[in-house]
Amino acid sequence: MEVKFNHVTLTYPNGIEVLHDMDFDIDDGQLVALLGPSGGGKSTTLNLISGLLSATSGNIYFGDKDVTKQDALERGVGMVFQNYALYPHMTVLDNIIFPMKMAKIDKATRKQRALDLAKLVRVDDQITKKPSDLSGGQQQRVAIARALAKSPNILLLDEPLSNLDARLRVEMREEIRRIQKETGVTTIFVTHDQSEAMHVADKIMVLNDGRIQQYDDPQSLYENPNNQFVANFIGEPALNVISAHQLGTEVTQLFDGNVATIGIRAEALTNEVKEPAIKMQAVVHEVLSFGRDRQATISVGEHQLIATDVTTSALIDQEMTLFAALSGVYAFDKDGQRLPLRGERS
Ligand code: ADP
C-alpha cells in the first residue's frame, strides 16, 4: 500500500510544532527507513503513519484513501516495537495466532496462517516454546510474524534491532529485508543507525529538527547529499570538514556560490596522484592498518582529518601534497546547503 503525506504538521499538546510540512510518498512494496538523531522526529512520523497520533494539519493517504482521521485499527497497520512484548504465558504459535483470534478469524484458518508465518520468519521448529525460551533474535522473529498475522496494509517497526547484540543485529537486518521482500508488504522502520538504514532500506528518509533533510535511495544519499547534515550523518568514518579559507580560492572557485566549508570523504583523500582532485598541503601523522582497513590521521592547517586511502608510503610528519578526488568533495554555504560545481547547476 502506498503512503502519502500531504503537508502534514504535528504540534504536541504543549504547543510546540515538532514536525513541519512533511510532504512525501512511500511507494507500494518498499522498505523505507526513517533515519536521524534522537529528537529528529522519527517516532512522531511513525506514530502519524500508524494512527497513534493525529496530524495537526495536512492529510495522510493510504493508496487513494484519506486516512487522516482514522485510528490505528482502522488503518490496518502491523507494528513491532523496540521491546516487542510477546505474551510470556503463551506459546510461540499462540502469540502469532492471538491477533487473529481477536479478529475472530476461524480456528483452522488462523492456525494454518500462523504456521505459514512461523515458517516465513523461520521459527517453525520453535512453535511450542514460550518466549522466554527463545533468543532475542527468535523473539523478534515471532514479533514480526505476529505483526503480519492480520495481513496489514503497512508494517511499522520502531527501532526493531536496538535490543539485540551486534552480531544478531546484522543477521536480523538481513532477515527483515528478506521477510519484507517475500511478503511485499510496504514497511517503514525507525533507526538512528545509518549503517543499518544503508544496508536494509530501499529508500531512506533522513530527519532532523522535524524536517526531511533528504529522502533518497542509499547510494544517492551517500554520493549526492543535499546538505552538510546528511553528508555528516551518512558514512563511516564521518565526513572531514575544513573551513573554506583554509583551502583558499583555488578550491572555492570550483563551486558556484559562497563556500563556507568543504567536506571530504575519508576514502577520497590520498597521497597518490588523482584527477580530477583538489590538492592540499597536509601532514600525515600516522597510518594504522586494521586487517584490510587502513586509517591515516592527517592535519591540514588547524583541521584534523581521517583518510582511509593514504598508503603506508606516505611521508610521516612532513608537509606533503595530498589529493582529494573531486567525487568525494562537497562544498557547503554558511547554512550548510550543498553548492554545485561551477557549470553543473541543474
Ligand atoms: P525521534 O524518534 O527521532 O527521537 P521524536 O519523534 O520522539 O524523535 O521527537 C521529536 C520531537 O518531539 C522532540 O523534540 C521531542 O522532544 C518532541 N516530543 C516527542 N514526544 C513528545 C510529547 N509527547 N510531547 C511533547 N513533545 C514531544
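Whatever order the structure lists ligands and atoms in, that order sets their numbers, starting from 1. If you read the sequence from its start, that first residue is 1, and numbering goes on from there.
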query: About how many Å separate CG of D217 and OH of Y222, when rounded to the nearest 0.5 Å?
result: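 Result: 14.5 Å between the selected atoms.
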query: Contact residues of ligand 1 with a heavy-atom cut-off of under 4.0 Å?
result: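 Near ligand 1, by chain and number: Y12, N14, V18, P37, S38, G39, G40, G41, K42, S43, T44.
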- prompt: Do S243 and H303 have a side chain donor and acceptor closer than 3.5 Å?
  reply: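 The answer is yes; a qualifying pair exists.
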Strictly below 4.0 Å, N to O, side chains only: are [X] and [Y] in salt-bridge contact?
X: R169; Y: D193; answer: yes
X: R141; Y: E171; answer: yes
X: R178; Y: E182; answer: yes

- prompt: Within 45° of the ring axis of F24 and under 6.0 Å from its six-membered ring centre, is that where the NZ or CZ of K4 lies?
  reply: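 No cation-pi geometry.
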